[in-house]
Amino acid sequence: MESAASEERFVTLSLTSGASIQIPMGARFVGIPGTESAENPQGTMVEVYWGEDDSGAPEILGHSPEKPIPSGLNLNIPKSTATELQGIVIHPSQVSDVSFT
């Protein structure tokens, strides 16, 4: 999985809302573009659960429910096109106070 992440390969994460975003292979915490609101000024995020398929390649097993992105994070918002939204990768050390259970 580390080699896939370092090669910047992207996969599609299908959210329970029905939306899909592109995320880097192996990304654990991902902000969802376009979810900013008065209640959640930074938007929302999910924790992505990874495993391996039968051939040993990384695959998405699922994701947590959406949670607010902690305030005060300096996020690197990727450029997105109208047809392909890219998730915002959040380093695990930045979300240590968020509970996904």
Side-chain angles (χ1 to χ4, degrees):
M1 195 164 320
E2 289 89 15
S3 67
S6 67
E7 294 171 9
E8 297 186 16
R9 286 192 283 175
F10 288 83
V11 296
T12 300
L13 173 64
S14 298
L15 301 167
T16 51
S17 66
S20 296
I21 58 174
Q22 294 293 307
I23 64 169
M25 183 81 67
R28 181 172 171 198
F29 296 105
V30 179
I32 304 166
T35 58
E36 300 84 1
S37 67
E39 186 177 303
N40 297 309
Q42 293 268 77
T44 59
M45 61 184 280
V46 294
E47 181 175 8
V48 182
Y49 309 124
W50 294 90
E52 294 182 350
D53 65 16
D54 293 337
S55 67
E59 71 174 345
I60 296 173
L61 299 177
H63 64 81
S64 70
E66 291 183 31
K67 297 284 183 180
I69 294 174
S71 62
L73 294 185
N74 184 14
L75 300 177
N76 181 19
I77 300 173
K79 295 179 182 175
S80 299
T81 65
T83 58
E84 182 179 279
L85 290 177
Q86 286 188 356
I88 304 161
V89 177
I90 301 170
H91 192 274
S93 66
Q94 294 180 294
V95 293
S96 59
D97 62 340
V98 176
S99 173
F100 285 93
T101 57

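All residue numbers refer to positions in the sequence shown, counting from 1. When reading the values below, keep in mind they use all heavy atoms of this one structure, side chains included, and skip hydrogens, waters and symmetry mates. Everything numeric in this text was worked out from a predicted model, so none of it was measured.
Gln22 has its side chain within reach of Thr12: a pair of non-hydrogen atoms, C-beta onward, lies under 4.5 Å apart. Between Val48 and Val46, some side-chain heavy-atom pair lies under the 4.5 Å cut-off. The shortest side-chain heavy-atom distance between Ile23 and Ile60 falls under the 4.5 Å cut-off. Side-chain contact between Arg28 and Trp50 is absent, with no heavy atoms from C-beta onward closer than 4.5 Å.
Legend: residues meeting side-chain contact (heavy atoms from CB on, under 4.5 Å) with Asp53, ordered by chain and number and at least two apart, are Ser55, Ala57, Glu59.
Judged by distance alone, the side chain of Thr44 and the main-chain N or O of Thr35 form no donor-acceptor pair under 3.5 Å. At least one donor-acceptor pair under 3.5 Å links the side chain of Ser64 to the backbone N or O of Glu47.
The minimum heavy-atom distance linking Pro33 with Gly87 is given by the pair CD-CA, 4.1 Å. Closest of all the heavy-atom pairs between Gln42 and Pro70 is NE2-O, 3.5 Å.
Taking CD1 from Ile21 and CG from Leu15, the interatomic distance works out to 5.0 Å, rounded to the nearest 0.5 Å. Ile32 contributes atom CD1, which lies 3.5 Å from atom CD of Glu66 (distance to the nearest 0.5 angstrom).
Hydrophobic clustering (ILVMFWY, side-chain heavy atoms < 4.5 Å, transitive): Phe10 and Val89 are in distinct clusters.
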(message) Assess the residue pair Ile88 and Met45 against the criterion (side chain to side chain contact (heavy atoms under 4.5 Å, CB included)); give the C-alpha distance rounded to whole Å, side-chain angles, the decisive distance to 0.1 Å, and a yes or no.
(response) CA-CA 8 Å; Ile88 304 161; Met45 61 184 280; over 6 Å; no

